[in-house]
Amino acid sequence: NRKSLTFHTNGKYIIARTNASLEQHGIPMSVETLDAENGSVITGRVTLSRDRKIMTSQEERAEFVAKHNRLPKSGENHRNIRMTDEQVTEYIPELFKKAGLNADVFKISDSPLNYQAMSKRKKNFKTMDISFVATVTDIEAFEQAWFNGIGQVKTYGFGMIRAVIA
């Protein structure tokens, strides 16, 4: 079950990931494909946020109810943590598995990019680059991850996989 994942580049950067034709829009781009199937080994990079939203525990919810005499609202039902390298090392295999990949080898490095979200809270995101070698285990899940990205805060451009067949 081989897939040809289409993307459009300007020679240096991926501009769009779509199977649609973009030639009629007058933007100079070349069409490239990443041909993959279950068992394909890919190498690549992905930029992710070190910040992760996690659900509060039942104990924390019980404490909240006791203190405020009401159930937590949706925004009060989780908290953000900044992952340590050890937590990232546990998180990456889980994340890649959801994306149809087995992370054979990966290396974490701090990204020089820093983002400040455009919101009332003015939350800053600490970013990290993940260099990896991975095996495609579920081509359908990988196709979704290729087009949509992986991880949290994809709204800000995180999680787009940049990969080639090894």
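- The two residues Asp51 and Gln152 come nearest to each other via the heavy atoms O-OE1, 4.2 Å.
- The two residues Trp146 and Ala163 come nearest to each other via the heavy atoms CZ3-N, 4.0 Å.
- The backbone N or O of Ala141 sits nowhere less than 3.5 Å from a side-chain atom of Gln144 that would complete a donor-acceptor pair.
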Query raised in the report: Taking it one step at a time, do Val136 and Leu101 satisfy side-chain contact (heavy atoms from CB on, under 4.5 Å)?
Result: CA-CA 5 Å; Val136 177; Leu101 297 169; 3.9 Å; yes
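- Atoms CG and CD, on Asn148 and Glu143 in that order, are 9.5 Å from each other to the nearest 0.5 Å.
- Put simply, the side chain of Thr33 never gets that close to the backbone of Asp35: no donor and acceptor are under 3.5 Å apart.
- Annotation for Gln87 and Arg82: closest pair OE1-O, 3.8 Å, computed over non-hydrogen atoms.
- The shortest distance between side-chain heavy atoms of Glu140 and Asn1 falls below 4.5 Å.
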Just distance, no hydrogens or angles: give the donor-acceptor pairs under 3.5 Å from side chains in residues 63-71, sequence neighbours left out.
| from | atom 1 | to | atom 2 | distance (Å) |
| --- | --- | --- | --- | --- |
| Arg70 | NH1 | Glu76 | OE1 | 2.9 |
| Arg70 | NH2 | Glu76 | OE1 | 3.4 |
| Arg70 | NH2 | Glu76 | OE2 | 3.0 |

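- Minimum interatomic distance between Phe147 and Arg17 (heavy atoms only, all atoms of both residues): CD2-O, 3.5 Å.
- The heavy-atom pair separating Ala103 from Ile92 by the smallest distance is CB-CG2, 4.5 Å.
- Of the inter-residue distances, the one linking Glu32 atom CD with Ser4 atom OG reads 13.0 Å to the nearest 0.5 angstrom.
- Applying the side-chain hydrogen bond (donor to acceptor under 3.5 Å, both in side chains) rule to Glu59 yields the partners Ser57; only residues at least two apart in sequence or on another chain are considered.
- The CD atom of Glu60 sits 12.5 Å away from atom NE2 of His78, with the distance rounded to the nearest 0.5 Å.
- The six-membered or imidazole ring of Phe132 lies near that of Phe96, with a centre-to-centre distance under 6.0 Å.
- A salt bridge does not link Lys98 with Asp138: none of the charged nitrogens is closer than 4.0 Å to a carboxylate oxygen.
- Summarising the geometry, atom CD1 belonging to Ile130 is positioned 9.0 Å from atom CZ belonging to Arg45; distances are rounded to the nearest 0.5 Å.
- Note: the hydrophobic cluster containing Met160 does not contain Leu48 (ILVMFWY, side chain heavy atoms under 4.5 Å, direct or indirect links).
- Taken from CZ in Arg162 to OG in Ser131, the straight-line distance is 8.5 Å, to the nearest 0.5 Å.
- In this structure, Leu34 and Phe142 have side chains that are in contact, with non-hydrogen atoms separated by less than 4.5 Å.
- Listed for the Asn77 side chain is no donor-acceptor partner under 3.5 Å among the backbone atoms of Pro72.
- Judged purely by distance below 3.5 Å, without hydrogens or angles, the side chains of Thr137 and Asn102 never pair a donor atom with an acceptor atom.
- Rounded to the nearest 0.5 Å, atoms CD1 (Ile139) and CG (Leu5) are 6.0 Å apart.
- Taking every heavy atom of both residues into account, Ser49 and Phe158 meet most closely at N-CD2, 3.9 Å.
- Side-chain contact between Asp85 and Arg50 is present, with heavy atoms from C-beta onward closer than 4.5 Å.
- Between Met83 and Ile54, every side-chain heavy-atom pair lies at or beyond the 4.5 Å cut-off.
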